[in-house]
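Data block below; observations after.
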Protein chains: 2
Amino acid sequence: MRPTLQDMADILNLSKSTVSRALSGDPRVAQATRARVESLAKSIGYTPNPIARGLATRRTNTIGLAVPCAPRSLSDPFYLEFLGHAGNAAMKCGYSLLLSAAEEDGADTHNAHVRLASSARIDGMILTEPKIKDERIAALKKAGIPFVFLGMTSDPDVSWVSCDNRLGAAEAVAWLTGLGHTRIACLTGPADQTASDARYRGYCEALDEAGIPLDLNIVASGDFTQAGGHAAMREILERGKTVSAVFASNDVMALGAMCALRESGLSVPEDVSLVGFDGIAFAQYSTPPLATVQQPIDELGNASVEVLIKLMCGDNGGPIHRVMPARFRPAGSVAAPGRAFVLESPD
Amino acid sequence: MRPTLQDMADILNLSKSTVSRALSGDPRVAQATRARVESLAKSIGYTPNPIARGLATRRTNTIGLAVPCAPRSLSDPFYLEFLGHAGNAAMKCGYSLLLSAAEEDGADTHNAHVRLASSARIDGMILTEPKIKDERIAALKKAGIPFVFLGMTSDPDVSWVSCDNRLGAAEAVAWLTGLGHTRIACLTGPADQTASDARYRGYCEALDEAGIPLDLNIVASGDFTQAGGHAAMREILERGKTVSAVFASNDVMALGAMCALRESGLSVPEDVSLVGFDGIAFAQYSTPPLATVQQPIDELGNASVEVLIKLMCGDNGGPIHRVMPARFRPAGSVAAPGRAFVLESPD
DNA sequence: TTGAAAGCGCTAACAT
DNA sequence: ATGTTAGCGCTTTCAA
């Protein structure tokens with residue numbers, strides 16, 4: 001059996017309190033006593049029980065991380081990279097990371113997030129995929145623990161960390177128009193997520209800037225999964241619409257779209273240029289390498305933890321918002337449009 | 001404030017015990033009573049405090065996952081993929097996943113693993129990267145919680161789940177010899193890990209099988225990181241040794257080696273064929289796509305959780321060992337050796 | 001079928 | 001500088 005504080009106290013002829021203080025670095029304890037306590041602890045391998053401590057202090061030194069909602073999953077590449085960075089950052093600060101069990105019923109991930117938040121198992125929580133109207137927020141506020149979103153929220157009173165989705169998307173699409181593309185398809189994310197919305201706005205703005213009218217026939221909605229990207233791309237192709245470029249709202253969908261294009265006998269970038277969003281590690285290894293809007297995933301991970309810790313320490317001067325740049329990164333998947341798409345032939 | 005069991009009891013004019021029983025499905029409680037309890041719980045949103053429950057029952061419904069030791073990190077692609085699958089599996093079974101904080105001192109990750117194991121915060125633990133002589137094992141046994149390794153352990157008394165590293169490696173190298181390669185370099189993993197050892201043995205066996213003598217001049221040791229693979233490859237090139245193929249003990253090192261080769265003006269696979277191990281998702285997206293030994297990462301994740309749960313349920317008929325196949329997956333990074341390397345020119 | 005009481009191992013007033 | 005005393009919110013004997 002693990003030795004307990006009581007065991008320590010008994011052996012040393014001290015009270016539990018003194019032992020507890022000695023171990024937690026409380027100044028009001030004699031040097032000699034502290035030394036005895038520490039040495040005994042080391043020799044019998046005593047280490048405080050975090051569960052008991054958690055019950056007494058209502059702090060667990062644990063950060064909860066919300067698991068993505070279906071159809072995305074824990075295995076989503078972007079999420080996983082984020083998880084890695086956030087986890088490293090959290091541990092560097094002495095926090096553990098808890099990935100909560102989903103709802104028994106399976107379906108309602110949102111509910112699981114709220115339950116985790118109000119479970120007393122964590123001191124703070126990091127959430128992803130904010131929705132435009134996110135029912136979790138009210139519940140989270142009621143739960144009373146600090147939380148931070150990866151991605152902007154509509155509610156101005158919520159802390160978040162995000163890249164500039166709109167600007168990043170606009171920059172990417174502007175690059176395409178700059179090359180002479182005028183038929184640029186858009187594969188959007190789920191309509192209810194703020195990120196989808198912002199990226200779509202960036203797309204529209206860049207078209208507008210270039211004087212290209214928005215054509216909803218070449219816009220299709222995906223769900224941020226590879227299968228979704230594949231389906232959305234097929235949908236546009238099956239509408240019989242020709243495009244010279246595609247802006248996918250995330251990299252995973254772009255990779256799905258790449259397959260769909262190939263299946264239709266179109267090659268990237270000769271026939272169709274392709275751009276993604278996120279900058280997941282795969283992107284640079286695909287064939288051809290995927291041009292994408294690079295999010296600073298490591299910094300987002302670090303910042304999420306940093307902001308959350310600030311919040312957990314009660315440094316509460318209102319909500320904290322942190323925007324990081326997302327920069328377009330050209331790569332082999334984009335090229336100037338083929339002859340068929342150039343309005344004014346150069347020769 | 002969260003309502004407590006006491007609050008429930010007060011409102012219902014029942015004792016805490018009865019409420020507790022009603023909620024945990026204890027049969028000896030009147031139907032009517034149970035109904036009242038459940039309905040109140042729902043209406044005031046009562047949910048038991050898992051920390052308090054954990055203290056009382058000594059069970060937390062949480063699985064600990066050991067974080068990789070430096071120089072690998074939480075961000076290692078193979079680990080992250082494994083984490084994703086194991087996490088999904090765990091949650092499906094109602095368990096949460098805890099990634100523990102590293103040691104304050106930073107260095108000693110092993111110690112952190114042991115501490116997590118004996119922290120009373122988890123019911124069982126999944127560990128990775130077993131060492132040939134793994135000091136954690138004794139400590140883990142003493143901690144008294146069930147644990148399972150991803151990868152074979154030397155200690156036959158420990159449960160583990162692993163692919164067949166030796167056979168997988170041998171199959172890959174045999175493929176190379178089958179193509180006519182005779183100068184096949186090997187980038188090994190850390191010498192103290194069982195996986196490195198098994199893969200290296202597979203390499204040696206395949207050479208032997210083909211009647212090719214082992215040449216230690218074209219073997220270099222890496223550390224399973226991209227930088228390590230890069231360095232190991234450079235080392236061999238700088239020794240002035242020529243090779244027509246390279247077997248890297250994992251994919252990340254293979255990608256590092258690919259860079260090193262390119263930097264030396266060698267192209268893959270025209271000048272040098274390259275094979276990795278793991279089958280991380282990147283592999284198929286690299287240019288050229290990386291031939292690799294595919295581990296069934298999803299099954300490994302599922303099996304780890306499954307075995308651990310079996311262990312946690314006390315289903316203890318000795319240690320459980322589960323071996324899964326690892327199959328060589330050819331891809332663009334391998335080709336027959338160039339003329340210079342063919343002993344007997346075909347024409 | 002229900003209740004009372006004693007912990008689980010720790011922290012945190014409040015003494016002394 | 002140390003000890004005493006209550007809890008933290010739950011489960012679990014043991015009684016009734």
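Please read these numbers as outputs of a predicted model, since none were measured by experiment. A note on names: the letters A, B, ... follow the listed sequences, proteins ahead of strands, and every chain is numbered from 1. Below, each value reflects all heavy atoms present in this structure, side chains not excepted, and no hydrogens, waters or symmetry copies.
N13(B) has its CG atom 20 Å from the P atom of dT1(C), to the nearest Å. R21(B) has its CZ atom 15 Å from the P atom of dC10(D), to the nearest Å. When rounded to the nearest whole Å, the span between CE of M8(B) and C1' of dG3(C) equals 17 Å. Following rounding to the nearest Å, L23(B) (CG) and dT12(D) (C1') show an atom-to-atom distance of 16 Å. Atom CG in N49(B) sits roughly 7 Å away from atom P in dG9(D) (whole-Å rounding). Taking atom CD on Q6(B) and atom P on dT11(D), their separation rounds to 13 Å, with Å as the unit. Protein atom CZ of R53(A) is 22 Å distant from nucleotide atom P of dC10(D), rounded to whole Å. Counting to the nearest Å, the P atom of dT4(D) and the NZ atom of K16(A) are 11 Å from each other.
Side-chain polar atoms of T225(B) and D223(B) form a donor-acceptor pair below 3.5 angstrom. Side-chain polar atoms of S159(A) and R322(A) form no donor-acceptor pair below 3.5 angstrom. Between the side chains of R121(B) and S96(A), at least one donor N or O sits under 3.5 Å from an acceptor N or O.
At the heavy-atom level, I51(B) lies nowhere under 4.0 Å from the strands shown. Heavy atoms of R28(B) sit under 4.0 angstrom from at least one base atom. In this structure, S24(A) reaches neither bases nor backbone, as no heavy-atom distance under 4.0 Å exists between it and the strands shown. Contact annotation for R58(A): backbone-only contact, meaning every heavy-atom pair under 4.0 Å involves sugar-phosphate atoms and none involves a base. Contact annotation for D7(B): no contact, since no heavy-atom pair falls under 4.0 Å across all strands.
Residue T18(B) is the one, among A52(B) and T18(B), whose nearest nucleotide of DNA chain C lies closer to the 5' end (criterion: closest heavy atom). Between T47(B) and V29(A), the one whose closest nucleotide on DNA chain D sits nearer the 5' end is V29(A). Nearest-nucleotide assignment on DNA chain D puts the 5′-proximal partner with A30(A), out of T57(B) and A30(A). Both S17(B) and Y46(A) sit near DNA chain C, but only S17(B) has its closest nucleotide nearer the 5' end.
Salt-bridge check for R58(B) with D123(B): failed, with every basic side-chain N at 4.0 Å or more from each acidic carboxylate O. D157(B) and K141(B) are joined by a salt bridge, as a carboxylate oxygen and a charged side-chain nitrogen come within less than 4.0 angstrom of each other.
Under 4.0 angstrom from either OP1 or OP2 of dG9(C) there lies no side-chain N or O belonging to T4(A). Taking 4.0 angstrom as the limit, T33(B) places a side-chain polar atom (N or O) nearer than this to OP1 or OP2 of dT2(C).
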